[in-house]
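Keep in mind the model is a prediction, meaning the values are calculated, not measured. Both backbone and side-chain heavy atoms feed into the values below; hydrogens, waters and symmetry mates do not. Throughout, protein chains are lettered first and strands after them, A, B, ... in sequence-line order, and every chain is numbered starting at 1.
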Amino acid sequence: MSATAHNNRVIDCRHLRFRWRRRGPLILDLESLTVDQGEMVFIAGPSGSGKTTLLNLLTGVGVAEEGRVAVLGQDLAAMGGSRRDRFRADHIGYIFQLFNLLPYLSLLENVLLPCRFSRRRRLKAAGGRANDQRATAADTKPAGGQRTALAAEARRLLAHLDLGDPYLLKQPVAELSVGQQQRVAAARALIGGPELVIADEPTSSLDMDRRESFVQLLFAECARQGATLVMVSHDRSLEHLFDRSILLDQINRAACAPAGPER
Amino acid sequence: MMATLTLAWKSLLNRRYTVGLTVLAIALAVALLLGVERLRYEAHSGFTATISDTDLVVGARSSPVQLLLYSVFRMGEATSNISWRSYRHIADHPRVNWTVPLSLGDSHRGYPVLATNSDYFQYYRYADQRPLELKQGTQFEDVFEAVLGYEVAQKLGYQPGEEIVIAHGADDVAFVRHDDMPFTVVGILAPTRTAVDRTIHIPLEGFEAIHLGWEAGVPLPGRQVSADDARERDLTPKTITAFLVGLDSRAASFQLQRYVNNYPREALTAILPGVALHQLWDLLGTAEQALRLISWFVVGVGLLGMLSAQLSNLEARRREMAILRAVGAGPRYILMLICGEALLLALLGAVLGTVLLYAMIIGAGGLIEARFGLFIGLGGLRPMELAYLGIVLLAGLVSGLIPAIRAYRQAVVNGISMRM
Ligand SMILES: Nc1ncnc2c1ncn2[C@@H]1O[C@H](COP(=O)(O)OP(=O)(O)O)[C@@H](O)[C@H]1O
Ligand SMILES: [Mg+2]
C-alpha cells in the first residue's frame, strides 16, 4: 500500500470498521478519512453517531478491528499498546466536552499534565515554542530551571487563551466557569506543541455566544503552533468557520445509529 | 514513577475524608493486631521471667497450672495447704539444695501477702537468674516486719518505718482485718517487673501469729491473742501453701518430682515451672488463637472497607481515568495508580496503627501493669510484628489489585469515552 505517500497527511484512515463488542452492532465503517497538515476540520454527526468512537481510534486508545489508522504517517494498529500511549502523549492534544480538569491539580498543573507523560512535549514546552533544537538544550537545564520554563510556557499559552489574569491561576480549577475550564483544557491540549489537536464537542457546554470566540482562540493557537485541528460536534452552527466539514453519517456506512442521549 | 506518586498523592489528598476514614479503620485494626501480639508476647516473657533457677514447685495435689498460678503468680487460691512436716521431710532429701516455703491467702489493700523466710531473699531468682535486691531498708528479722515489693511501696506510698495492717483473705473487708497485729515496713525491694513487685513479704512466724485464734477463718471470740502474747508462743507454722525447691542438679528434677508425687503421707504435686508454663500456654493457646483470629478479621474488615471505597470510587473517577488516558497514560499506568494507592493507604494505616500502638502503651501501659501485673515494653517492633505489618501491606496490595484490574479493563474497553 502506498497510503503514506502524502507526507503532509496527519490522519489517513482506510477501510475502517469498529464495533464495541464482538457481536455488537457495527458502529463505524469508513472507506476513507484523511486530514492534511494544518487543516481545521469539522466532523459533524448527531449524538450516538460514533464521533467519540472515531476519536477513540484516531488517538490510538482503541483499535479498529479492521482497516488502518495512520497518524503522522505511523500506523497505530502496528504499534503495541504502550507505544500507542506514548505516541498519543507525544503528538496529540485532546479536549473533552466537559470535566476536562483534574480537580486535585492546580490550574497550571492541569495545563502541564501532558508534560508529565511526554518527555518530548516537556522539552518542547520548556525550550520555548515548538523548537526541537532548543528543546535539547532545555533538557540540560536543572530541574528547577525547567520547571520555571514550563510554568512560563503554560502562562504564555493561557494568556493567549484569555486566561492571563494571575488571580485565576490561584483558584481551584473546580471553581472556574465552564468557559474558563474549556480554555484551560485547550491550553493543556496545546502545551508542548503536539501536531494534532482533537476536540470532542468542546463547545457543547458553552453559552451560544461563547462558542465562536472559543473556537477562534483555538484556531489562532493551533495556527500559531502549526497544529492540525479535528473537532467533532453535533452542533453545526460553527461548521462554517472551519476549512472543511465532514458529515460522519455520509462517510460512515454503518450509520444507523439511533439518536440517543448525548454522551 | 515520581510523577505517578505525586499524582496519586494529590488525588488522595483530594479525597482526604473518605481516605482518612479508610486509613483510620486500617490503623485501628493494625493497632489491635499489634496490641494483641504485643500483649501475648509480653505475657509470655513476663511470666517466663518471673521464675528462674527454681527446679520444682511443690504444693497440695492440684493441677500443675493451678499450682503454678497461685504459688508463683499469686493468681487464684490454693485448694488446700501442705503440712510443715512433709515440707521439712522433703527439704531434707539429699538431692535438695535449698527450699523456700510460701504461705499465701492474706492481702493488704488488694496486694497479696506472702509469708516466707529469709531463704526467699537468698534463693529466689527471676529473669536471667537475677537475685532480689533491696532498694531501701533491710530484710525482715522480727515477727512483725514486712518487706514490700516495689510497686506496692510506689502505689501506696509506703516508706520504711510505717505500719500496715493485713486483711484476712484476698478482699480487704474491714471486719476481717488483723488490726491487732500491725506490721512494720522495714524494706522495699528494687523493681523486678514480676509478681514480686506486687507482693508484701512477711515472715512465716508473723503469718502464724496473726492467725492464732483464727483457725475457723474468722476471729473466734475469747481466743484473741495479743501481739506480745503471740511472741511467747511457738510460731512454727503447722502448714504452708507451697514451697520452691532447688536441686543439686537439674537432672534430678524428674526423680524428685516422682518422689513428691508419690509421697505416701500426703497428696502432693510437684511441678517443673517451665513445663507447667508450657501447659499454661497450651491452655491459653486457644484463647490467644481466637484473639489473633479476631484481630486478623478486623484487619480484613479494614481492608474490605478500603476495597469497597476504592471500588465505588472507581465510578466517580472515570473522568479522572479518561483524562489520564487522553494525555497519554496507559492502562498499566491506571493499574499501578490504583494499586499504588491501595498500598499507600495500607502503608499509612500500618504506620498510623503502629503509632497508635505506642500511644496506647504509653497511655494505658501503666494501667495494664497495675491491673494485670503485665509490663508492656516500649521497645522497637519485633520481627513477628514486622512480619504482621508486612502481611497487612501485602494484603492491601492484593486488595488493591481488584479495583485496579477493573479500572485497567475499563481503561482498555472504554478508552476515552466517559460512559457513565
Ligand atoms: N465504551 C463503550 N462501550 C460500548 N458501547 C459504546 C461505548 N461508547 C459508545 N458506545 C456506543 O457506540 C455508539 C456511538 O457512541 P459515541 O461514539 O459515543 O457517539 P457520539 O460521540 O457521536 O455521541 C453508541 O451507540 C454508543 O452507545
Ligand atoms: Mg461523544
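For A:Arg188, the part sitting under 4.5 Å from any heavy atom of chain B is the side chain, from C-beta outward, and nothing else. Only the side chain of A:Tyr94 comes within less than 4.5 Å of a heavy atom of chain B; its backbone N, CA, C and O stay farther away. Interface residue A:Leu101: only backbone heavy atoms are found under 4.5 Å from chain B. For A:Ser118, no part lies under 4.5 angstrom from a heavy atom of chain B.
What you find for A:Phe96 and B:Ala322 is that their closest heavy atoms are CZ-O, 3.5 Å. The minimum heavy-atom distance linking A:Asp85 with B:Gly330 is given by the pair OD2-CA, 2.9 Å. A:Ala89 and B:Gly328 get closest at one heavy-atom pair: CB-CA, 3.7 Å.
More than 12 heavy atoms of other shown residues, nucleotides or ligands fall within 6.0 angstrom of atom CZ in B:Arg40. Atom OH of B:Tyr41 sits in a sparse spot, with 12 or fewer heavy atoms from other residues, nucleotides or ligands closer than 6.0 Å. Enclosure of atom CZ in B:Arg382 by more than 12 non-hydrogen atoms of other residues, nucleotides or ligands within 6.0 angstrom is indicated.
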Q | Stepwise side chain to side chain contact (heavy atoms under 4.5 Å, CB included) check, B:Thr6 with A:Arg116 | A | CA-CA 11 Å; B:Thr6 50; A:Arg116 290 180 194 247; 3.1 Å; yes

**Message:** side chain to side chain contact (heavy atoms under 4.5 Å, CB included) for A:Tyr104 and B:Glu320? Distances and angles first, verdict last.
**Reply:** CA-CA 10 Å; A:Tyr104 50 85; B:Glu320 190 181 337; 2.6 Å; yes

Please determine whether side chain to side chain contact (heavy atoms under 4.5 Å, CB included) holds for the pair A:Asn110 and B:Ile323, giving the CA-CA distance in whole Å, both sets of side-chain angles, and the decisive distance to 0.1 Å. CA-CA 10 Å; A:Asn110 262 292; B:Ile323 292 167; 5.8 Å; no

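For A:Arg88 (side chain) and B:Arg325 (main-chain N/O), a donor-acceptor pair under 3.5 Å exists by modelled atom type.
By the 4.5 Å heavy-atom criterion applied to side chains, A:Leu102 and B:Leu324 are counted as neighbours. Contact of the A:Leu105 side chain with the B:Leu7 side chain is registered, since non-hydrogen atoms from C-beta on lie closer than 4.5 Å.
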